[in-house]
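Accompanying notes for the structure given below.
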Amino acid sequence: MEQFIEQWARVDSADLGTLLKALKPLNDAVVELGKLTVRQLGEAHEWTGKKLDATLDTYVETDRQVYEEAARILRERGHTVLPFTDPRIYLPGLGAAARAAGPDYGGGKPSVIEQVYGSGEALRRYDEDQFYRAENRYAQAKSANRGIEEAQDASSYLVPPELLPLRLTTCAGALASCSALWTGCLNSSSAGRCSMT
């Protein structure tokens, strides 16, 4: 995430005009704050993960002690007892995500007609998806498999931001007109008249 923020949020001073260069330090500060926030969130998740591992270790150790005590009692009464099996050996893995960002996610805005058609198509896909989700949840509830499934692939939503193309000829023409207007205004201000039309 830090690389994503650095790549897409930091503005190069060469891309800025004379007036916007004054805002470059603000952009740098915001980018560094974003990177720091992401880094601290990562550290918080890592700390939480370590605490979860320690909690799991405690539960397994307690389970082992109870099992060994129960096994001792059963052995005294003549029963055969299998050795304790650490349940962490059979922890479920995390498979592929069930869904990802849609095909239209992150792209440019289509025309109004395409948006209307796309909305209808998205509604149809949503309706079909609801039936699939209900059927899938019912099957999961009946299943003995208590595995973990990632519902959404979060990384599929990290698409490059859309960059608007600059029309340099239009910008240059607008600046030239504005400059000529201000020059005319300054020259005429000594005579007491300034028309900004």
With [X], which residues qualify under salt bridge (Lys or Arg N to Asp or Glu O under 4.0 Å), at least two apart?
{"X": "D153", "result": "none"}
{"X": "K21", "result": "none"}
{"X": "E32", "result": "R10, K35"}

Partner set under side chain to side chain contact (heavy atoms under 4.5 Å, CB included) for I73, not counting sequence neighbours:
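Expected list: E69, R77.
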With sequence neighbours left out, write down each residue that passes side chain to side chain contact (heavy atoms under 4.5 Å, CB included) with Y59, or none if nothing qualifies.
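Y59 satisfies side chain to side chain contact (heavy atoms under 4.5 Å, CB included) with T55 once adjacent residues are dropped.
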Could you tell me whether [X] atom [atom1] has more than 12 heavy atoms of other residues or ligands within 6.0 Å of it?
{"X": "R137", "atom1": "CZ", "result": "no"}
{"X": "Y132", "atom1": "OH", "result": "no"}
{"X": "E128", "atom1": "CD", "result": "yes"}
{"X": "L19", "atom1": "CG", "result": "no"}

With sequence neighbours excluded, residues passing ring-ring contact (aromatic ring centres under 6.0 Å, His included) with F84:
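For F84 the ring-ring contact (aromatic ring centres under 6.0 Å, His included) partners, ignoring immediate neighbours, are Y67.
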Main chain of [Y], side chain of [X]: is a donor-acceptor contact present, judged purely on distance under 3.5 Å?
{"X": "N27", "Y": "A9", "value": "yes"}
{"X": "S156", "Y": "A101", "value": "yes"}
{"X": "H45", "Y": "L41", "value": "yes"}

Taking atom [atom1] of [X] and atom [atom2] of [Y], what is their separation to the nearest 0.5 Å?
{"X": "E2", "Y": "L36", "atom1": "CD", "atom2": "CG", "answer": "8.5 Å"}
{"X": "T85", "Y": "D63", "atom1": "OG1", "atom2": "CG", "answer": "10.5 Å"}
{"X": "D129", "Y": "N136", "atom1": "CG", "atom2": "CG", "answer": "10.0 Å"}
{"X": "L33", "Y": "D28", "atom1": "CG", "atom2": "CG", "answer": "12.5 Å"}
{"X": "K51", "Y": "T48", "atom1": "NZ", "atom2": "OG1", "answer": "10.0 Å"}
{"X": "K24", "Y": "L26", "atom1": "NZ", "atom2": "CG", "answer": "10.5 Å"}

Verdict with reasoning, E76 to R72, per salt bridge (Lys or Arg N to Asp or Glu O under 4.0 Å):
CA-CA 6 Å; E76 287 175 356; R72 184 187 63 76; 2.6 Å; yes
So which heavy atom on A22 is nearest to which on P25, and how close?
O-CD, 3.4 Å
Just so I know, are the side chains of R39 and E43 near enough to count as touching, which here means a heavy-atom distance under 4.5 Å?
yes
Does the side chain of R88 reach to within under 4.5 Å of the side chain of D57, using non-hydrogen atoms?
yes
In the single-linkage hydrophobic clustering (I, L, V, M, F, W, Y; side-chain heavy atoms under 4.5 Å), do L23 and V11 co-cluster?
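Yes; V11 is reachable from L23 via cluster members.
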Is there a continuous path of hydrophobic side-chain contacts, each under 4.5 Å between heavy atoms, that joins V38 to F4?
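Same cluster.
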Just do the side chain to side chain donor-acceptor pair (under 3.5 Å) check on Q65 and E61 with the steps written out, would you?
CA-CA 6 Å; Q65 290 173 1; E61 180 58 27; 3.2 Å; yes
